[in-house]
Amino acid sequence: MLFRSREVERAQIDAAWRAAAAGSRRVVLISGEAGLGKTRLVSELARSAHEQGALVLYGRCDEEVPRQYGPWAEAVEFLGAHSDPTTFDGLDARSLVRLAPGLATRIGADPGTADLDQYVLFAAVADLLVRVASAGPTLIVLDDLHWADRGTLVLLRHLVAATAAERILILGTFRDTDVDPNGDLETAVAALHREEGVIRIGLEALSEDDLESLLTGTAGHDLGAAGV
C-alpha cells in the first residue's frame, strides 16, 4: 500500500528502466531519511525486472563490517555463483577474483599475490558488466551508499562513464541525513550528475492525504470521519 503513495517516483524509475533496457545506461540515486520507502521502491522494480527475465545484481554497504569495494564484490560474487562459468571466459579473471574471492573455485582462477592495480580492476569489472548487459538488460542495486568506502564510489563513477551505451540501470540508495557535505559520497553524487542519464530522487515524508490513502488501503474500507 505504501507503494501507491510513491507513484511519481515509481514512474521515474520505470522510465529509467525502459531507457536502460533499450540500450541507454541509466543511473537513479534515491535518497531520503530512514523509513521513507527507498528499499521498497528498489525491491518492487527488482522483482518486476526479474520477472521480465532481466539480470538483477545486488550489493550492500555495511557499517559494521566495511569491505573495500563491498557492494561490487557482492554483486560479482552473486553473478559468479548463478551464471554459466563461460561468462568469465576471456576476461581478466585474476583481477575479478581479487575483487571477489568467492569466484576462485567457480571459474578456476588464481588471484596471485601481486598488488591489485585499481585501473586494471576497474577495466575488468567494466568488461564483465558490458558482457552480461549484451546478453540482456541488467539491473544493479547498490544499497546504503552512505556507508560506502571511497573505492566503491570511485568504481561507481568509472562504471557509469564506461557503460553509457549498455543495457544497464544502476539504482543506488542512501540516507541524505547521513551524508557528509564534504565527504566522498557528496563528491561522487556531484560528479555523477555531470554524466548523461543520471537522476536523483529525493523521498520526502508522506503528506496527510498520502497517509490517509495508505491507511484506507490497509484497512480495506473508508475510514470515516472518526477514523481520519
>> Determine whether Asp14 and Arg10 satisfy the following criterion, salt bridge (Lys or Arg N to Asp or Glu O under 4.0 Å), listing intermediate values before the conclusion.
In response: CA-CA 6 Å; Asp14 284 346; Arg10 177 59 193 260; 2.5 Å; yes
>> Could you check whether any side-chain heavy atom of Ile170 comes within less than 4.5 Å of a side-chain heavy atom of Arg26, counting everything from C-beta outward?
In response: no
> Within the distance-only criterion (no hydrogens, no angle test), does the side chain of Ser48 pair as donor or acceptor with the backbone N or O of Glu44 below 3.5 angstrom?
Replying inline: no
> In this structure, are over 12 heavy atoms from other groups packed under 6.0 Å from Arg47 atom CZ?
Replying inline: yes
>> Salt bridge check, Glu77 against Arg67: does any charged N sit closer than 4.0 Å to a carboxylate O?
In response: yes
> Within a strict 4.5 Å, meaning less than it, do heavy atoms of the Phe122 and Tyr69 side chains meet?
Replying inline: yes
> Are any non-hydrogen side-chain atoms of Val189 and Phe174 less than 4.5 angstrom apart?
Replying inline: yes
> Do Asp184 and Thr152 have side chains that get closer than 4.5 Å, going by heavy atoms?
Replying inline: no
> What pair of heavy atoms forms the shortest contact from Val97 to Ala109, and how long is it?
Replying inline: CG2-CB, 3.6 Å
>> Any carboxylate oxygen within less than 4.0 angstrom of a Lys/Arg side-chain nitrogen, looking at Arg60 and Asp62?
In response: yes
>> Please check this pair: side chain of Arg18 against backbone of Ile13, looking for a donor-acceptor N/O pair closer than 3.5 Å.
In response: no
> Can you name the ring pair (Phe, Tyr, Trp, His ring centres under 6.0 Å) partners of His193, sequence neighbours left out?
Replying inline: none
> Side chain of Lys38, backbone of Ser31: donor and acceptor closer than 3.5 Å?
Replying inline: no
>> I'd like to check Trp72 versus Leu156 (side-chain heavy atoms, cut-off strictly below 4.5 Å). Are they in contact?
In response: yes
>> Quick check: do Arg25 and Arg167 have side-chain heavy atoms less than 4.5 Å from each other?
In response: no
>> Is it true that, when you exclude Glu195 itself, more than 12 heavy atoms of the residues, nucleotides or ligands shown sit nearer than 6.0 Å to its CD?
In response: yes
> Can any side-chain N or O of Glu33 pair as donor or acceptor with the backbone N or O of Thr177 at less than 3.5 Å?
Replying inline: no
> If we only count heavy atoms from C-beta on, is the Leu145 to Thr173 side-chain gap below 4.5 Å?
Replying inline: no
> Would you say Val179 and Trp147 are hydrophobically clustered, going by side-chain heavy atoms of ILVMFWY under 4.5 Å?
Replying inline: no
> Considering all heavy atoms of both residues, which atom of Ile107 and which atom of Pro85 are nearest to each other, and what is their separation?
Replying inline: CG2-O, 4.5 Å
> Can you check whether Asp149 reaches Pro66 side chain to side chain, under 4.5 Å on heavy atoms?
Replying inline: no
>> Can you give me the closest heavy-atom contact between Ala16 and Val28, atom names plus distance?
In response: CB-CG2, 3.7 Å
> Can you hop from Val130 to Leu169 via hydrophobic side chains spaced under 4.5 Å?
Replying inline: no
> Of the non-hydrogen atoms in Leu139 and Ala46, which two are nearest, and what is the gap between them?
Replying inline: CD2-CA, 3.6 Å
